[in-house]
Amino acid sequence: MSPVQIPDQIPVGALACQKDTFLKTATTKCIGCSAKPDKKGFYEVLLHDTILFPEGGGQPNDTGFIDDIKVHNVQRRGLQHIHFTKEPVTVDKEVTLKVDWERRFDHVQQHTGQHLLSAVLEQEPYKFETVGWNLGDKISYVELAPNNGSLPTADQISHAEDAINTLICSGVPILTHEENNAADDNRPDSLPSDYRGGVIRTIEIQGLDRNPCCGTHASNLAQLQSIKFLHTEKIRGNNMRLYFVVGRRVLDLLDASYTTCKSLTGLLSCGPESFVPQITRLQTLQRAQAKTIKRLMAELAGHAVTTLVQDVKDNRYAMVHREDADMDYLVLLANGAKEQKLLEENPGAVIILAGGDPSAGGPIIVLGSDDDSVKKATQILTVHLDGLKGGGKGRWQGKCKTWKGWDSAQAAIKEVYTSQ
């Protein structure tokens, strides 16, 4: 839904949030509001000016409040800024804005950190161009193009991280330059196609980098606190993504990592330096045990098939439930019954195989000498077993929520086959 078009609005590029990143509250005037909410329930609100940043330049939108009304999203349309709320805002009213500062400052640290990271890696001795980036909820990344066919090495990445943290400690000033772009004469290629006229902002890390950008940035590098490179991955054939965190996210990651290490220390009975060899040892042991279990289950299934043979010959049906059985074990039984030609030699016979804890349910297979036998058996089971679902002809497979009705189902099957 398009908002009421009122020209008295400070354009994107010259917003209060862009002129002063650190404004947390401000007053302005509501100059437009859609008459009805859109299909998602949002009103589109126009303000004269705003301290809530509209999404752009790779930086997510701010959230906050217009008086007591929550702003869920802020978007740019051309040079216009639109605030999305679940309640209407009175037009011509003076309102107080409040930004979600924790979210804003996090975006400031990540975005300015990306400018710094890209500036350092694009210069000597690295010469890796940034061709894209993403500011994620927890971690961010830059996409780097190769230099003469080569991507950054682990040593280069480590060296660059040290160099960037040294620059952060030095507190280099960050400056914002504004240029009127009314005639579109000096339009940077990086500007969106619908950004026409208005103000072009250039962010300068003094003595290091100048880049057109609409985002909110730190006033000096010391406000970034620190940067930590995480991991890399190759994409698009030749490019590389370098993942990173800046500022508060470094501390959050350290806190989460320490908590995890502390838990693993107790579980593995060793310190972090031994996690990898200990887990490797446990994985090797687990694989060996799984192999042994598979062999033993196959042997057990072989013995169980003998019971199935006798039951089918005596009663024309067999029902087996094991609490410790999974689908793999049931398949072994089913295949064993097939090898014995039980169903071929006993017309109208049915075999019902189930596994899992009585209260938790589990897998089930129903085999029959013909489709009608399978259908009849599953109809009886459905009456007695809660949440039974599955499908198939000749060999019906499925799951059941609980085996609490197993005894009554068994009695019903027995009654049907003994009465024939």
Side-chain angles (χ1 to χ4, degrees), residues 1-4 9-34 36-91 93-115 133-140 176 192 195 201 203 213-219 223-225 245-249 251-253:
M1 180 182 299
S2 297
V4 178
Q9 190 182 59
I10 300 295
V12 173
L15 302 178
C17 60
Q18 294 172 308
K19 289 181 174 296
D20 186 351
T21 293
F22 295 88
L23 275 177
K24 299 178 183 178
T25 62
T27 58
T28 188
K29 186 177 181 181
C30 176
I31 58 175
C33 181
S34 55
K36 296 180 180 179
D38 61 18
K39 293 180 179 180
K40 295 182 179 179
F42 289 108
Y43 289 88
E44 298 185 2
V45 181
L46 286 173
L47 303 177
H48 171 66
D49 198 356
T50 187
I51 59 169
L52 304 182
F53 178 73
E55 180 180 4
Q59 181 175 324
N61 62 276
D62 283 338
T63 58
F65 289 88
I66 301 173
D67 289 337
D68 294 326
I69 298 174
K70 182 171 178 58
V71 178
H72 297 267
N73 194 358
V74 189
Q75 291 294 313
R76 178 188 64 81
R77 290 182 188 157
L79 299 180
Q80 199 175 54
H81 42 99
I82 317 296
H83 300 67
F84 292 82
T85 65
K86 290 286 188 176
E87 302 174 48
V89 178
T90 304
V91 177
K93 179 186 178 184
E94 291 289 330
V95 295
T96 299
L97 300 179
K98 182 179 179 181
V99 68
D100 179 343
W101 179 248
E102 184 175 343
R103 174 182 171 90
R104 155 68 68 76
F105 192 60
D106 173 57
H107 292 168
V108 167
Q109 289 186 316
Q110 309 317 307
H111 197 169
T112 304
Q114 178 269 316
H115 275 235
W133 86 292
N134 174 264
L135 199 167
D137 291 337
K138 297 294 184 182
I139 62 175
S140 304
T176 301
Y195 193 99
R201 302 173 72 247
I203 304 301
C213 185
C214 65
T216 56
H217 287 277
S219 59
Q223 291 166 354
L224 304 188
Q225 299 175 306
V245 288
V246 183
R248 179 68 204 182
R249 292 192 184 189
L251 297 177
D252 290 342
L253 183 61

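The analysis underlying the following values was restricted to heavy atoms, covering all of them including side chains, and did not include hydrogens, waters or symmetry mates.
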Notebook entry, point to check: Looking only at heavy atoms, what is the nearest atom pair of Pro88 and Cys33, with distance?
Noted result: CA-SG, 3.9 Å

Check: At what distance, to the nearest 0.5 angstrom, does CG of Asn73 lie from OG1 of Thr85?
Finding: 11.0 Å

Next item on the list: For the pair Gln110 (side chain) and Val246 (backbone), establish whether a donor and an acceptor sit closer than 3.5 Å, ignoring hydrogens and angles.
Entry: yes

Notebook entry, point to check: Which word best sums up how the rings of Phe105 and Phe22 line up, parallel for under 30°, tilted for 30 to 60°, or perpendicular for over 60°?
Noted result: tilted

Next item on the list: For Gln18 and Leu15, indicate whether the former's side chain and the latter's backbone hold a donor-acceptor pair under 3.5 Å.
Entry: yes

Next item on the list: On the 0 to 90° scale, with breaks at 30° and 60°, tag the His83-His81 ring pair as parallel, tilted or perpendicular.
Entry: perpendicular

Margin query: Between Asp62 and Arg103, does any NZ, NE, NH1 or NH2 come within less than 4.0 Å of an OD or OE carboxylate oxygen?
Written below: no

Checklist line | His217 and Thr176, any side-chain heavy atoms less than 4.5 Å apart | finding: no

Next item on the list: Please examine the side chains of Arg249 and Gln109, heavy atoms only from C-beta on, and report whether any two atoms are closer than 4.5 Å.
Entry: no

Check: Does Asp49 reach the main-chain N or O of Ala16 with its side chain, forming a donor-acceptor pair under 3.5 Å?
Finding: yes

Checklist line | CG-CD distance between Asp38 and Glu44, expressed to the nearest 0.5 angstrom | finding: 6.0 Å

Checklist line | No-hydrogen, no-angle side-chain donor-acceptor test under 3.5 Å, Thr27 and Glu94 | finding: no

Item checked: Over 12 non-hydrogen atoms of neighbours within 6.0 angstrom of NZ in Lys70 -> yes

Margin query: For the residue pair Lys86 and Phe42, would you count it as a cation-pi contact if the rule is NZ or CZ under 6.0 angstrom from the ring centre and within 45 degrees of the ring axis?
Written below: yes

Notebook entry, point to check: Regarding His48 and Thr28, is there a side-chain donor-to-acceptor distance under 3.5 Å anywhere?
Noted result: no

Check: Side chains of Gln114 and Leu135: does their closest heavy-atom pair fall under 4.5 Å?
Finding: no

Note to self: So Arg104 and Asp100, do their side chains get closer than 4.5 Å, heavy atoms only?
What the structure shows: no

Note to self: Quick check on the 6.0 Å ring-centre criterion: do His111 and Trp133 meet it?
What the structure shows: yes

Checklist line | Non-hydrogen side-chain atoms of Thr25 and Leu97 separated by less than 4.5 Å | finding: no

Next item on the list: Mind listing the closest non-hydrogen atom pair of Tyr195 and Val12 along with its distance?
Entry: OH-O, 3.0 Å

Check: Is the shortest heavy-atom distance from the side chain of Cys30 to the side chain of Leu47 under 4.5 Å?
Finding: yes

Check: Does any non-hydrogen side-chain atom of Thr96 lie less than 4.5 Å from one of Asp67?
Finding: yes

Check: Does the side chain of Val99 come within less than 4.5 Å of Phe53's, by heavy atoms?
Finding: no

Next item on the list: Determine the minimum heavy-atom distance between Leu52 and Gly64, stating which atoms define it.
Entry: CD2-CA, 4.3 Å

